[in-house]
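Letters A, B, ... mirror the listed sequences (proteins, then strands); counts begin at 1.
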Protein chains: 2
Amino acid sequence: MSLCNNANMRTLNHPSRKSMTLSGVLYALSDPLRLSIIKSLAAQGEQPCGAFGLSVAKSTASHHFRVLREAGVIRMKPEGTQHINSLRREDLDSRFPGLLDAILQASGPV
Amino acid sequence: MSLCNNANMRTLNHPSRKSMTLSGVLYALSDPLRLSIIKSLAAQGEQPCGAFGLSVAKSTASHHFRVLREAGVIRMKPEGTQHINSLRREDLDSRFPGLLDAILQASGPV
DNA sequence: TCCTTTGTTCGATTATAATCGAACTATGAG
DNA sequence: CTCATAGTTCGATTATAATCGAACAAAGGA
């Protein structure tokens with residue numbers, strides 16, 4: 001029972017601009033590992049999950065990418081066998097002006 | 001044993017500017033109730049804990065004020081029987097320029 | 001001195017989140 | 001088709017955090 005639940009991987013659920021919440025974004029970025037991911041994305045541009053050199057299990061990394069995606073911070077685009085991640089800069093800037101820049105600046109150099 | 005542990009209430013531990021962390025601040029502000037507290041402080045200026053009309057138990061409210069204080073977001077000053085809370089605006093602006101303003105703006109009108 | 005007000009601390013409970021390994025899925029290469 | 005790659009999902013475990021009531025503490029008023 002319940003293989004294949006409805007909100008499954010097939011459709012990679014990204015929130016719309018409007019349904020992003022400030023609390024959700026702040027929470028997503030309050031984790032040092034997730035913050036390091038978005039710093040890297042901001043500095044190097046889009047990258048697949050494997051390119052971050054995260055020192056946690058694959059399943060843990062997958063969890064963190066999901067938190068970022070579901071908060072609206074990143075976009076994940078399937079490309080061949082991998083998922084390309086990118087910052088949702090315009091959406092974030094439009095919904096929460098100045099927030100991403102302030103956080104990136106506060107997070108220091110990569 | 002262990003009444004009166006050392007980091008006790010007597011000295012209301014506020015982190016120095018330098019020992020504030022971005023993750024800590026983001027985490028503290030990622031909770032809707034705590035966000036509402038700092039919105040109110042930003043809008044009305046300093047206020048005692050009781051003035052926020054929080055709909056949680058006293059002990060829970062006390063917990064949230066502590067999280068904000070220990071992250072460096074607010075200052076708590078004993079004054080008679082109450083504690084006056086204020087935003088640590090200058091410290092935040094100096095350590096994380098633009099962050100507080102971006103968050104307050106994003107959090108909408110009070 | 002006793003009482004009220006304001007908030008803290010303690011201990012327990014419940015709820016969320018992080019983490020991992022194992023099994024799985026999808027894609028593309030050989 | 002078979003295999004390797006890249007990542008997801010599941011289930012379990014552990015760690016953090018939120019919440020409450022009860023007991024406590026400090027300050028000040030009656």
Exercise for the section: Check the pair B:L22 / A:L29 against side chain to side chain contact (heavy atoms under 4.5 Å, CB included), numbers first and verdict last. Expected result: CA-CA 9 Å; B:L22 178 59; A:L29 297 181; over 6 Å; no

Practice task
Could you check which residues of residues 33-53 of chain B get a heavy atom under 4.0 Å from DNA chain C? Sort them by number, please.
Solution key: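 Output list: B:P48, B:C49, B:G50.
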
Handout entry: Those residues of residues 68-78 of chain A lying under 4.0 Å from DNA chain C by at least one heavy atom
Key =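 The stretch gives none, as no residue of it lies under 4.0 Å from the strand.
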
Exercise for the section: Look at B:D91 together with B:K18 and state whether they make a salt bridge at an N to O cut-off of under 4.0 Å. Expected result: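 Not counted as a salt bridge, because no side-chain N and carboxylate O are separated by less than 4.0 Å.
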
Problem - Results of salt bridge (charged side-chain N to carboxylate O under 4.0 Å, His left out) for B:R95 - residues two or more places apart only - result: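 Counting only residues at least two positions away or on another chain, B:R95 forms no salt bridge (charged side-chain N to carboxylate O under 4.0 Å, His left out).
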
Practice task
May I ask whether A:L92 and A:I84 are part of the same hydrophobic cluster, defined by side-chain heavy atoms of I, L, V, M, F, W, Y residues being less than 4.5 angstrom apart, directly or through others?
Solution key: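 Per the 4.5 Å side-chain linkage, A:L92 and A:I84 are not co-clustered.
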
Handout entry: Shared hydrophobic cluster for B:V67 and B:I37 (ILVMFWY, side-chain gaps under 4.5 Å)
Key =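 They do not share one cluster, since no chain of ILVMFWY contacts under 4.5 Å joins B:V67 to B:I37.
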
Problem - Divergence of helical axes at both termini of the helix from C:dT1-D:dA30 to C:dG30-D:dC1 - five pairs an end, 10° steps - result: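 Rounded value for the end-axis angle: 10°.
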
Atom [atom1] of [X] and atom [atom2] of [N]: how far apart are they, to the nearest Å?
{"X": "B:H63", "N": "C:dG11", "atom1": "NE2", "atom2": "C1'", "value": "15 Å"}
{"X": "B:D31", "N": "C:dA15", "atom1": "CG", "atom2": "C1'", "value": "13 Å"}
{"X": "A:L12", "N": "D:dA6", "atom1": "CG", "atom2": "P", "value": "18 Å"}
{"X": "A:R66", "N": "C:dT19", "atom1": "CZ", "atom2": "P", "value": "14 Å"}
{"X": "A:Q82", "N": "D:dA4", "atom1": "CD", "atom2": "P", "value": "18 Å"}

Protein-nucleotides 28-30 of chain C N/O pairs under 3.5 Å:
none

Problem - Residue list, side chain to side chain donor-acceptor pair (under 3.5 Å) with B:T60, at least two apart or on another chain - result: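 If we apply the side chain to side chain donor-acceptor pair (under 3.5 Å) test to B:T60, skipping adjacent residues, there are no hits.
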
Exercise for the section: Please identify each residue that fulfils side chain to side chain donor-acceptor pair (under 3.5 Å) with A:S16, with sequence neighbours left out. Expected result: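 With sequence neighbours excluded, A:S16 shows a side chain to side chain donor-acceptor pair (under 3.5 Å) to A:S19, given in chain and number order.
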
Practice task
Please list, chain by chain and in numerical order, all residues satisfying ring-ring contact (aromatic ring centres under 6.0 Å, His included) with A:Y27, sequence neighbours excluded.
Solution key: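 In terms of ring-ring contact (aromatic ring centres under 6.0 Å, His included), with neighbours along the sequence ignored, A:Y27 is linked to no residue.
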
Practice task
Only counting residues at least two apart or in another chain, list the ones meeting ring-ring contact (aromatic ring centres under 6.0 Å, His included) with B:F96.
Solution key: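 Partners of B:F96 by the ring-ring contact (aromatic ring centres under 6.0 Å, His included) criterion come out as none, since no residue qualifies.
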
Donor-acceptor under 3.5 Å ([X] side chain, [Y] main chain):
{"X": "A:H14", "Y": "A:M76", "result": "yes"}
{"X": "B:K39", "Y": "B:S107", "result": "yes"}
{"X": "A:R34", "Y": "A:A28", "result": "yes"}
{"X": "B:E79", "Y": "B:K77", "result": "no"}

Handout entry: Pairwise side-chain contact, A:N85 with A:E46, heavy-atom cut-off 4.5 Å (strictly under)
Key =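 Heavy-atom side-chain distance check fails, nothing below 4.5 Å.
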
Problem - A:R89/A:D101 under salt bridge (Lys or Arg N to Asp or Glu O under 4.0 Å): CA gap, chis, key distance, verdict - result: CA-CA 9 Å; A:R89 255 199 180 285; A:D101 284 336; 3.4 Å; yes

Exercise for the section: Give me the one residue out of A:I38, A:L35, A:V25, A:L41 that meets side-chain contact (heavy atoms from CB on, under 4.5 Å) with A:L68. Expected result: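 When A:I38, A:L35, A:V25, A:L41 are each tested with A:L68, the side-chain contact (heavy atoms from CB on, under 4.5 Å) holds only for A:I38.
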
Expected rows: protein N/O vs nucleotides 20-24 of chain C N/O, under 3.5 Å:
unit_1 : atom_1 : unit_2 : atom_2 : d
C:dC20 : OP2    : A:A57  : N      : 2.9
C:dC20 : OP2    : A:T60  : OG1    : 2.9
C:dG21 : N7     : A:S59  : OG     : 3.2
C:dG21 : O6     : A:S59  : OG     : 3.0

Exercise for the section: Would you mind telling me which residue lines up with the more 5' stretch of DNA chain C, B:N85 or A:V67, judged by nearest nucleotide? Expected result: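 The residue mapped nearer the 5' terminus is B:N85.
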
Exercise for the section: Start with the C-alpha gap between A:L12 and A:H83, add the side-chain angles, then the distance that decides, and say whether side chain to side chain contact (heavy atoms under 4.5 Å, CB included) holds. Expected result: CA-CA 10 Å; A:L12 239 11; A:H83 282 171; 4.0 Å; yes

Exercise for the section: Return each pair, listed once, that meets ring pair (Phe, Tyr, Trp, His ring centres under 6.0 Å) where at least one residue sits in residues 29-56 of chain A; pairs must be two or more places apart or across chains. Expected result: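 Every ring pair (Phe, Tyr, Trp, His ring centres under 6.0 Å) pair that includes a residue of residues 29-56 of chain A, provided the two are not neighbours, is A:F52-A:F65.
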
Handout entry: Among C:dA18, D:dT9, D:dG7, the nucleotide that comes nearest once only the side chain of A:H83 is considered
Key =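 Nearest listed nucleotide: D:dG7.
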
Practice task
Check DNA chain D against residues 20-30 of chain A and give the residues with a non-hydrogen atom under 4.0 Å, in numerical order.
Solution key: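 Correct list: empty, so none.
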
Practice task
Respond yes when some side-chain nitrogen or oxygen of B:H64 is under 4.0 Å from OP1 or OP2 of D:dT19, and no when none is.
Solution key: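 True: B:H64 side-chain N/O within range (under 4.0 Å) of D:dT19 OP1/OP2.
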
